[in-house]
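Shown next, in structure tokens, is the structure this report addresses.
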Amino acid sequence: MPARIGVVGFGTIGKRVAEAITRQPDMELVGIVKTKPDYTAELAVKLGYKLYAANQDSLRKFEEAGLPVKGVLEDLLENVDLVVDATPGGVGAKNKTIYEQKGVPAIFQGGEKADVAEVSFNSLCNYEEAIGRRYVRVVSCNTTGLLRILCTLNKAYGLKRVYATIVRRAADPKEIKRGPVNAIKPDPATMPSHHGEDVKTVLRDLDIVTAAVVVPTTLMHVHVVYAKLARQVSNDEVIELLANTPRIVLVEANKGVTSTADIVELARDLGRKRYDIPELIVWRESIVVKGDEMYWMQAVHQESIVVPENIDAIRAMLKLTTNAMDSIALTDKTLGVKRGTLI
Ligand code: NAD
């Protein structure tokens, strides 16, 4: 019998995770929880998702709007093996009390503090640590992008030290209230940024420092990274390693992929839904290895990169498979996530 999963919060991350669950042969989407009967609630109904209200207050709003609603969050929790909480940062921690009362395991997102869960998670780093756990946090989009490549390099060569500058998108495309509109904003102006600390919730012993700025774009984050490796390697070795790692693809500026706009255009040309790019994108030309030192630039699609990790976290927690690579392979096949190249 497929595992019965609920999704709480149907925004940028929640709607993608919900759809990804419907594509898994070993999972069933029991329902989604929303606060308001807005257009996304109508969309969920059209997609055949069962709708639950966040509380009695919102239940009344759904009923007044004439939308078919199955009950409230607590009713959904009676019928699921696990929930994925994709509510805004801080709400998940509040919801955790309800999950605990109902005895339902839960996945939280990167907007929650690390202590909301027993384990902070990335599939390529620590799948095994999430096996059988009740509360797991899938780290943020930037941390997921960093961890995919850092764990890969660490396993292959060992990592001594990492420094990364994170150039953050100002907002997701649908967000109208965030800036900057015409500025570059240190985020924060003090050093380091929290991203390195977040990486260390998974790669605990890594010596990593990050700094971040926010720029006026909605099209992906870019990271400029320096790493000192534990041994000498060659450029070719690193490129071979990355080209054969799940969820990492190489793009070439020489072939016209010169910016995040080009990456997004390519995803659109490939007919990807919502132009989602769950792969970590690394510019091939940016990879420079000198002995035991390495530099590169990479791009992260904030809206979709954490979706495959949420699916793997479900499999690990419910022990649908205890083998990380089996879960990654199934997730990537069902979601069309590439390795090596986007085309
Ligand atoms: P979002 O605002 O797009 O979606 C959150 C949704 O939850 C909204 O629809 C909101 O109405 C709903 N909601 C609020 N309170 C609720 C409640 N009590 N019950 C049910 N639904 C409720 O936010 P998002 O961007 O999807 O972010 C969700 C989480 O994922 C956050 O922790 C965030 O930090 C993390 N995250 C976001 C991104 C990103 O770039 N958008 C990337 C990675 C991780």
Side-chain angles (χ1 to χ4, degrees), residues 6-20 31-44 49-59 61-62 69-77 83-99 106-114 116-117 120-122 136-148 166 168-178 187 194-195 198 201 212 214 217-222 260 274-278 280 299-310 313:
V7 173
V8 183
F10 195 65
T12 302
I13 302 298
K15 67 182 173 187
R16 287 173 168 84
V17 172
E19 184 180 330
I32 60 129
V33 179
K34 275 198 55 68
T35 50
K36 299 181 289 282
D38 58 8
Y39 76 93
T40 59
E42 290 177 11
L43 183 68
Y49 300 169
K50 295 198 175 70
L51 207 55
Y52 290 78
N55 49 44
Q56 294 295 339
D57 220 31
S58 61
L59 181 73
K61 289 182 191 149
F62 281 104
V69 58
K70 289 270 167 197
V72 292
L73 168 64
E74 284 81 353
D75 298 315
L76 175 69
L77 295 177
V83 278
V84 179
D85 188 298
T87 57
V91 179
K94 288 187 190 136
N95 284 343
K96 187 181 174 188
T97 320
I98 306 172
Y99 306 148
I107 293 174
F108 300 97
Q109 307 303 314
E112 301 300 328
K113 293 195 179 120
V116 76
S120 287
F121 179 82
N122 179 270
V136 167
R137 180 180 74 119
V138 171
V139 294
S140 75
C141 47
N142 279 306
T143 310
T144 297
L146 285 168
L147 281 170
R148 280 199 193 153
I166 293 163
R168 294 186 50 198
R169 61 89 180 97
D172 288 344
K174 71 168 185 184
E175 291 176 313
I176 55 171
K177 290 184 182 160
R178 294 175 68 169
D187 181 46
H194 74 277
H195 304 92
D198 206 27
T201 64
V214 188
T217 178
T218 63
L219 304 181
M220 311 179 77
H221 307 290
V222 166
T260 56
R274 309 183 184 97
Y275 71 73
D276 280 355
I277 309 153
L280 174 70
V300 167
H301 183 230
Q302 73 278 0
E303 297 170 279
S304 63
I305 192 166
V306 297
V307 174
E309 266 71 9
N310 271 274

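Indexing begins at 1, ligand by ligand and atom by atom, following the structure's order. The figures here come from the full heavy-atom set of this structure, side chains too, leaving out hydrogens, waters and symmetry mates.
- Within the structure, the closest approach of K15 to ligand 1 does not fall below 4.0 Å when heavy atoms are considered.
- A salt bridge does not link R169 with E303: every distance from a Lys NZ or Arg NE/NH1/NH2 to an Asp or Glu carboxylate oxygen is 4.0 Å or more.
- For R169, the heavy-atom gap to ligand 1 drops under 4.0 angstrom.
- Distances shorter than 4.0 angstrom do not occur between any heavy atom of E175 and any atom of ligand 1.
- For the pair K174 and ligand 1, the shortest N or O to N or O distance falls below 3.5 Å.
- Nearest to atom 6 (C) of ligand 1 among the protein's heavy atoms is G11 N, 3.8 Å.
- Electrostatic pairing of E175 and R178 counts as a salt bridge here, judged by a charged N lying under 4.0 Å from a carboxylate O.
- Note that OG1 of T201 is 10.0 Å distant from NE2 of H194, once rounded to the nearest 0.5 Å.
- Here A86 has backbone heavy atoms under 4.0 Å from ligand 1, and that is the only part of it that gets that close.
- The nearest non-hydrogen atom to atom 34 (O) of ligand 1, considering only G111, S304, A41, comes from G111.
- Closest to atom 41 (N) of ligand 1, if we only count protein heavy atoms, is D172 OD2, 2.6 Å.
- Residue-level proximity to ligand 1 for T87 is carried by backbone and side chain together, each with a heavy atom below 4.0 angstrom.
- The existence of a salt bridge linking D38 and K61 is excluded, since no basic side-chain nitrogen approaches an acidic carboxylate oxygen closer than 4.0 Å.
- Here's the thing with I13: one of its N/O atoms is less than 3.5 angstrom from an N/O atom of ligand 1.
- The shortest distance between side-chain heavy atoms of R16 and R274 falls below 4.5 Å.
- By the ring-ring contact (aromatic ring centres under 6.0 Å, His included) test, H301 pairs with Y275, sequence neighbours left out.
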